Amino acid sequence: MRLSSLLIVSATFIVAAILSVITAGFSVALIESASRSSVKSELDKGGLFWAEVYAEGLQVFVTGIAPTEAARFNALSTAGRVVDAARVIDNMQVESTAGIAPPQFSVEILRNDSGISIIGLIPESSDRDDVIDELNDIAGRNNVADFLEAARYDAPKAWNASLSYALKALEMLPRSKISVQAGQVSITAISDSSEEQRKLESKLNARAPADLRVTLNITAPRPVITPFILRFLMDESGARFDACSADTEEARDLIIETAKTSGLEGNWNCIIGLGVPSPTWGKAGEVAISHLSKLGGGSITISDADVSLVALPGTEQSKFDRVVGDLEAALPEVFSLRATLPIIEDTEGDSGVPELQATLSPEGLLQLRGRLSSDLHRTTTEHYAQARFGSDRVYMAARLDEKLPMGWQVRVLAGLDALAFVHHGSLTITPEMLTVSGRTGRQGANSEIARLLTQKLGRDAQFSIGVVYDEALDPIAQLPTPEKCEADIQAILTENKLIFEPGSGTLDASAGKTLDAIAEVLRACGEIRLEIQGHTDSQGREEMNRQLSQTRAQSVLIALQDRRLLTSSFSAKGYGETAPIADNDTEDGRNANRRIAFVLLKTENTQSDTSENQDDVEHTHDSVAEGQNSPASADAEETGENDQN
């Protein structure tokens, strides 16, 4: 009896315990569900949809990736308002900072005679130490002012190419400022001369990567002209300048306009330079030319502040005196006038007027005939000519005449100096006149000859210059333009198509001669920027066509490299079927669309005296529109009946 009671009591306690556990479990689940749903609802109301909630007993866990630290704190505060903040467990993470946009990388480099200064921010991948080492190699150790910083971010697209190009350009430009951004380089520089300016622009354009935007503003200083000279003639050959210098655009326009009023025809220009003796130079030129016109002809020479007027032989004395008086009164201060009226001498029956002639042939052979005063002068003249024109290119056939006028030898040597400016021509020296004529490939030769003769013979010297500029003799002008190179390549490809093996990027053996001819043209053109384009028809998958066209363009580039051609300014790109020039529905059209094209990458230079209002220089491709022939293109033909593309 007693045992049964004990069992009953034990069973009662066991059942009660079980019921308590079950009841507690239901209570915990109810509390967890209520807490989770309440907190989640409140988070959603606050727009914190990224946050997730789960509960474990009385603890509420908030998880998820918060976009910012502020959003994480907001979620934590929101959950703490629904349940006791002590029950909220923060399992949230803040979104990685790796996705934050990098800073604006840019560099400013200044180079002058004192050294190089660099300031800016670059990515660490550019290797700051290497950049500074390269600048030290350019400017010398201890000549680089380093204000460069580096940041641990990925380099933007085209950054490394832009910085590399800028450093190469800096090496060529001793006085320059270069600004670098990703995909864009702006260069402002000063060159020593106009010729150097053209060479630098050509090199910088050729070496720029195809995807780089370049702004070039390279200026050349005005030349120092010594002596500052203007020489204007009016005779039976018409009105013309032998030399024309001006200090400003306004002075140049005034002088040219006055000369045109006096009978000057055609297009003429004056060299604008430094060294003018007076700010009234333009006025002096206007007055001198207009009074020469009133005189009816002759020559007027202004060398620095000295003005020399020589009338035509036979001019009336009274008219000469009147015009000279007016001119002397009208000339600005500082300028002094010396006027000459040549006397006509009676030389009838005198066949012994002394003369020396020098003839320079197109082959560069110089013949000297006429009169020289002594053996010493003849030997001196021969050796001087040999030094000027070549020791094996001078033929001396001058005879001796002891009665030559004073200063004859000086005139001969000065005349040979003047003749050296021409490619071929002649020099004639008489007691009254020195005449130089011929053809030259040197622009501004007349002004240089006039300046030379004025310096060596004096401002009153009588000379005539008939030197004509011939573009065909100018070595710079005869260099083929990039456009001509492109046209020449197209002419070659029109006659001889580039052929590939069927369905591959391998050039057919027959393409060798065509590539040889193209390489010969490119070798003469120097560094020009070309894109070798590959094109296909529309048969086959688009991506496959693009890859095939890329392979073929690359094959042509490699073939040119194998011919020892510098290809650093060339690029190869496949366009697949995206730029047809004919109908892909016909066999002839598909054949035309399968081609290799050589396309000139064009640039524009900004040239001004200031760096303001400069337009960006964009490198653009010639567009290949449907129905038009692409520049320098040829069909990329294959053999085989079923081959596509």
Side-chain angles (χ1 to χ4, degrees), residues 158 161 205-212 482-501 503-508 511 514-515 517-519 521-522 525 527-563 565-584 589-603 618-638 644-645:
N205 283 329
R207 296 180 183 181
D211 57 349
L212 183 65
E483 290 75 15
K484 185 177 186 304
C485 294
E486 183 185 42
D488 289 346
I489 295 173
Q490 174 156 355
I492 292 171
L493 293 176
T494 301
E495 293 294 327
N496 302 283
K497 298 177 180 179
L498 286 174
I499 301 175
F500 291 84
E501 292 184 1
S504 79
T506 303
L507 283 158
D508 188 82
T514 302
L515 288 168
I518 293 174
V521 171
L522 292 173
C525 292
E527 287 185 303
I528 61 172
R529 301 183 61 231
L530 280 176
E531 183 176 78
I532 303 172
Q533 298 181 354
H535 299 275
T536 68
D537 61 32
S538 61
Q539 294 186 328
R541 290 186 295 108
E542 183 175 346
E543 180 59 23
M544 181 189 70
N545 288 338
R546 190 196 64 77
Q547 293 176 358
L548 178 60
S549 64
Q550 178 66 45
T551 301
R552 288 177 172 175
Q554 196 68 36
S555 295
V556 174
L557 178 61
I558 293 172
L560 293 175
Q561 292 171 345
D562 292 341
R563 285 160 173 77
L565 193 69
L566 294 176
T567 59
S568 59
S569 58
F570 302 167
S571 59
K573 186 173 182 180
Y575 288 86
E577 61 189 65
T578 61
I581 59 172
D583 189 353
N584 276 307
R590 290 191 293 272
N591 185 52
N593 289 331
R594 296 192 297 267
R595 69 195 188 278
I596 291 292
F598 285 73
V599 178
L600 181 67
L601 298 178
K602 297 181 179 179
T603 63
E618 297 191 33
H619 301 268
T620 59
H621 295 182
D622 286 336
S623 61
V624 183
E626 185 175 355
Q628 296 177 341
N629 292 327
S630 65
S633 66
D635 296 348
E637 291 188 339
E638 303 85 7
Q644 296 179 350
N645 291 333

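Keep in mind that the numbers below use all heavy atoms, side chains included, and drop hydrogens, waters and symmetry copies. Values in this document were obtained by computation on a predicted structure and should not be read as measured data.
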Item to check | Closest approach of Ser569 to Ile528 (non-hydrogen atoms, all atoms of both residues) | outcome: OG-O, 2.6 Å
Item to check | Sidechain-backbone polar pair: Asn545 side chain, Gln539 backbone, donor-acceptor under 3.5 Å | outcome: yes
Item to check | Donor-acceptor contact below 3.5 Å, side chain Ser549 vs main chain Gly576 | outcome: yes
Next on the checklist: So does Thr536 get a backbone contact from the side chain of Arg594, meaning a donor-acceptor N/O pair under 3.5 Å?
Outcome noted: no
Checklist entry - Are Ile518 and Asp488 close enough, and set up right, to give a side chain to side chain contact (heavy atoms under 4.5 Å, CB included), and what steps lead you there? => result CA-CA 8 Å; Ile518 293 174; Asp488 289 346; over 6 Å; no
Item to check | For Glu543, salt bridge (charged side-chain N to carboxylate O under 4.0 Å, His left out) partners two or more places apart | outcome: Arg546
Checklist entry - Is a side-chain N or O of Ser555 found less than 3.5 angstrom from the main chain of Gly505, in a donor-acceptor match? => result yes
Next on the checklist: So for atom CD1, which belongs to Ile558, do other residues, nucleotides or ligands contribute more than 12 heavy atoms lying within a distance under 6.0 Å?
Outcome noted: yes
Next on the checklist: Before you tell me yes or no, could you show the steps for Phe598 and Ile489 under side chain to side chain contact (heavy atoms under 4.5 Å, CB included), namely the whole-Å CA-CA distance, both residues' side-chain angles and the distance that decides it to 0.1 Å?
Outcome noted: CA-CA 7 Å; Phe598 285 73; Ile489 295 173; 3.8 Å; yes
Checklist entry - Is it true that the side chains of Thr567 and Gln561 contain a donor and an acceptor less than 3.5 Å apart? => result yes
Item to check | CD-CG distance between Glu483 and Leu600, expressed to the nearest 0.5 angstrom | outcome: 5.5 Å
Checklist entry - Donor-acceptor pair, Asn593 side chain versus Ile581 backbone, under 3.5 Å? => result yes
Item to check | Crowding at CD, Glu542 (>12 non-hydrogen neighbours, <6.0 Å) | outcome: no
